[in-house]
Each structure stands twice: as C-alpha cells, then as structure tokens.
Enquirer: 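Once you've had a glance at the structure underneath, I'll fire off some questions.
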Protein chains: 2
Amino acid sequence: MPEDRYRQFCPVAMAAEVLCTRWTMVLVRELVAGSTRFNDLRRGVPRMSPTLLSKRLRELEAAGIVRREPIQGESAYPGYELTEAGRDLAPVVEAVGMWGQKWVEAEPSLANLDPGLLMWDMRRNLDPTPMPAKRMVITFRYTDQPEERRHWWLIVEPGAEVDLCSIDPGFDVDLYVETDLRCMTAIWMGLTSVRKEAGRDRLVVTGDDKLAAAIQDWLGLSPFATQRKLSG
Amino acid sequence: MPEDRYRQFCPVAMAAEVLCTRWTMVLVRELVAGSTRFNDLRRGVPRMSPTLLSKRLRELEAAGIVRREPIQGESAYPGYELTEAGRDLAPVVEAVGMWGQKWVEAEPSLANLDPGLLMWDMRRNLDPTPMPAKRMVITFRYTDQPEERRHWWLIVEPGAEVDLCSIDPGFDVDLYVETDLRCMTAIWMGLTSVRKEAGRDRLVVTGDDKLAAAIQDWLGLSPFATQRKLSG
DNA sequence: CGGGATCCAGTTCGATACTG
DNA sequence: CAGTATCGAACTGGATCCCG
C-alpha cells in the first residue's frame, strides 16, 4: 500500500498514516480493550469485512503495533497481541472516545443498534465482584428485536471470563432483564440509568432481588459513559 | 457522503467517522494550530487537493467542528474558525502527535521533506520575545535545494505576525542560517539541536551575535519535539 | 488573492462467497 | 477458527479551469 500517503514529517501526519485509515481506530479500540483473536475482533467490528480486517492487522503488525504470538492453552493459531507501542495507543483511543462522547450527537448513532455488539461490549465490561461467588446467569430480552436476536444470556462463573450466548445454555436463570434495545444501549452509553428507565417502565428486572438491586454496580458501562454530552 | 460509515454506537467509532477520514486529522492539526484561511490551510497540507480540502472543510462544518465567520480587518471572505467542539480536539491532536513522535520511525518521513512546509511551521512557532524589539530579518539557505526553493526569509516585526517570504524582500538581513533541509528538519523535530549540528559543521549561523547565540530560544520547535523517540 | 468546479485514472472498500 | 477470492461501487489525487 502507499506508505507515503501524506508525505509530511509532522508526527501527527506520521501517526495518522497508520491510525486514520478506515476502520483502523475502531479496530485499535478492540485491541486496546483486550481482544486477541481474529473472530473476537470480528465481533467487535462486525461491519468490517474479514478481508479488510486481515489487511489492517497486517498493517498494524508492520507498523509495530501488534505482534502475532501463540497464546498458551488456546488454539494453535497465534493471537494478535499489542506491542508496547500498541498499548501506548490507549491514550489516543481514550482522547478520541472522550471527544466523541462529549461532542458527537448520539441520536443518529442510536439508529444503528446491534444487540450482538452491545452484548459483546457488556460482556467485556461486566464486573462480577459485587456478585455472589457462584455461577450467575442473566437473561436479556429485547422486546423490539426479531426472534433470533431477541434473547441473550450472560453466564458469570467465578474466576472465569464472562460467557455470552444467544441460544439458551439451559442453566437456571438468576435474573431477567426485559427492555428494548435502544433503552439498554442508552443505559450502556451513560445517557440514562437503570433506575430512571425502570421508573418509566421501559425496563423490567425480575429474579434474584440482591442481584437486581446491585445491577448498576455489576453492569459495567461504556468506558466513556462518565463523559457528559455537550453536543445537544 | 456516507455518514453511516461504521454504524456503531461506540463513541470512538462515532468520533472516528468524522476524524479518521483521509487528511482530516492533518487538517484538524492545522486548524488547531490556528490557520483560518483556505490558502493558509493549503500551505499546511500542500499535498491535499483543493477539492478535497474544500470537501473536508464542509464536512467539519457539518460536524460542528468549524464555523465560517467573517474576520475583522481581513478579506471579505469569511474564515474557518474552530467551534468549542473544534478547540476541544486539541487533546486528540496532541495524543496522536505524541504517539507519532514516540513510536513512528522518523527516517522514512525524513525522506519527504518540503522546505515550504518546514518554513511555514517555523514561522508559526517562532518566538520573538527573546529578540530585540525591532524588525529582524533571518535568511535560511538550504544548500541541497534547487534554486527556487533554496532561499527563505523570516521577517519578525515587533507586535505583528512573523512573515515568510521565498523571494528577497530587500531588507537588511540580521542573521543567515545555512544548512541542508534534512538537518534543519531534524532540528525542528527535536531529533538533534542547533549546537550539535553547528559543531559538526552541518549548520552555519552568521550575522548578529546575540541573535545567533539565542537561536535555540527564539527558534520554536515542533510542538512534539519534547517527546523522546522510542521506535528505534 | 480566495474558493471552488470538473474530469479522469488509479486505489480502496464493501458484500458475499468460499477454503483449509 | 482463521482467513482468501472476487468484483462492482465509492473514494481519492492530479491537473486544469473558472469566477468574483
């Protein structure tokens, strides 16, 4: 590819050549968030074609941002790990995200909802520490979604990663959350809260009372949810 | 244009839709640095076609980052001014530039030198305060450049913006700086210093002794020159 | 000077299908 | 799971020209 895109000696231009190609910043966000597998990355950027994802990963590798490394106890395929230069992109992603949260109108973005992507993000940010130290299963039901995207299960096993299923894993369910996708997404983004939406009956939580009471504690929000919106 | 590029509700993706299109980050750097005129912006992004520059400016306006505003005492044409959202991009540009300075190899970039761009940047960052309070004229001579890009004049008038000329303005010259373009660019980027290069006879300063002695003080460097390079 | 339009050739991207 | 292949559509760059 033309590595001489801007041909400027300015550091901003030099960095932008690597970082500001289509999808790259979003992909870097996924990497900074910790995904290392091709298919995990795909779930984080579901609208990016695998061809382009593969190409971008090779570019990031050439730029010294990721490194292919076998991951013990996993597939024989090496994963994509951030190098030190890659980990050092965290402040860049943070600055971009904070600006976006503060200044980009959320409405048009809330027209592009995706339950799979939302659940994938929630899975990653869920905090099990305020939960009882046993397996907890939480079901989400998005009343406005078509059957095949309506039901989701988060399975929290003590000491393990949170699991996400879109087909019934068959476990007893400890908590049910029923709402529409837009409402849940707005909560995730910090634009509103569980309490507020429950009060308006746009969200209903049933099941284990303690789990329900602590929902705002274990339900991790978007890393940018703390930044107040100013664009309006 | 397709405003639905990524179709993700994540703030990073929302911001990247606006900021991470081709040339946009570099253009934003120019705006954050203070340029407000179409042709001034062109000097900062000389390899960007005017068509694309115009298009990007309209996109930034639609995104609420710039605003067209008449500038008093100047041309009847309105300039491009940053809005509050636009000024708030300074930390983003800073983060990107710092990362670039730290991690992107400078060598390939030093193959893409441009005396006009370098002088334009130097003009902007020159600090007249350590200079005598009268008109000072400094001539740069880039020994490796073809005749028409070899000679440059910076004219510092107290209380006014620094002027840049590529044709002899006819004033008496207070200081001559003679070197090659690569050396001067490396100094500007903080990869080396005037003292070091003068010691190697790669740079020669003649004229007003006081002005010469203070050169490292008034010769502003790249805003990213303080970040040490680690990519090597 | 300041700002933009047009045309064309070359690149990049998206959608979808497919392989080991 | 981890990617390739393919092809039309969209975007970009360069050159050139235009208008007030």
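Residue numbering restarts at 1 for every chain, and letters A, B, ... go by the order of the sequence lines. Everything quoted here is computed from the prediction, not taken from an experiment.
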Enquirer: Test of understanding: with side-chain hydrogen bond (donor to acceptor under 3.5 Å, both in side chains), list the residues that count as partners of A/D114, not counting sequence neighbours.
Expert: none
Enquirer: What is the separation between atom CD on A/E59 and atom P on C/dT12, rounded to the nearest whole Å?
Expert: 9 Å
Enquirer: Just how far is it from atom CG of A/L57 to atom CG of A/L53, taken to the nearest 0.5 Å?
Expert: 4.5 Å
Enquirer: Verify the contact: side-chain N or O of B/R22 to OP1 or OP2 of D/dG13, cut-off strictly under 4.0 Å; return yes or no.
Expert: yes
Enquirer: Should A/Y80 be listed as having a side-chain N or O under 4.0 Å from OP1 or OP2 of D/dG3?
Expert: yes
Enquirer: Hey, what do you get for CG (A/L164) to CZ (A/R124), rounding to the nearest 0.5 Å?
Expert: 11.5 Å
Enquirer: Is any side-chain N or O of B/R68 closer than 4.0 Å to OP1 or OP2 of C/dG2?
Expert: no
Enquirer: Can you measure B/L53 atom CG to D/dG13 atom C1' for me and round it to whole angstrom units?
Expert: 13 Å
Enquirer: For A/P78, report the nucleic acid contact type (base, sugar-phosphate, nothing); a contact means any heavy atom under 4.0 Å.
Expert: nothing
Enquirer: Send over the distance from A/M48 CE to C/dT16 P, rounded to a whole Å.
Expert: 17 Å
Enquirer: Minimum heavy-atom separation for B/P50 to B/F38, with atom names?
Expert: O-CZ, 3.8 Å
Enquirer: D/dG14, OP1 or OP2 - any side-chain N/O from B/R47 closer than 4.0 Å?
Expert: yes
Enquirer: Between B/T51 and D/dG13, does any side-chain N or O lie under 4.0 Å from OP1 or OP2?
Expert: no
Enquirer: So which of B/E148, B/R149, B/E147 actually passes side-chain hydrogen bond (donor to acceptor under 3.5 Å, both in side chains) with B/Q145?
Expert: B/R149
Enquirer: Would you mind telling me which of D/dA2, C/dC13, C/dG4 lies closest to the side-chain atoms of A/R56?
Expert: C/dC13
Enquirer: Closer than 4.0 Å, any side-chain N/O of A/K55 to the OP1 or OP2 of C/dC13?
Expert: yes
Enquirer: For A/Q8 and D/dG13, what is the distance between atoms CD and P respectively, to the nearest whole Å?
Expert: 12 Å
Enquirer: How close or far is atom C1' of C/dA17 from atom CG of A/L52, stated in whole angstroms?
Expert: 17 Å
Enquirer: Main chain of A/M189, side chain of A/Q101: is a donor-acceptor contact present, judged purely on distance under 3.5 Å?
Expert: yes
Enquirer: Grab the CZ-P distance between B/R42 and C/dG4 for me, whole Å please.
Expert: 12 Å
Enquirer: Tell me whether the guanidinium CZ or amine NZ of B/R37 lies under 6.0 angstrom from the six-membered ring centre of B/Y80 and within 45° of its axis.
Expert: no
Enquirer: Where along residues 31-40 of chain A does a heavy atom come under 4.0 Å from DNA chain D, residue by residue in number order?
Expert: A/R37, A/F38, A/N39
Enquirer: Atom CZ of A/R7 to atom C1' of D/dT12: distance rounded to whole Å?
Expert: 13 Å
Enquirer: Would you mind reading off the distance between A/Y6 atom OH and D/dG14 atom P, rounded to a whole angstrom?
Expert: 13 Å
Enquirer: Are any of A/W23's side-chain N or O atoms less than 4.0 Å away from OP1 or OP2 of C/dT12?
Expert: no
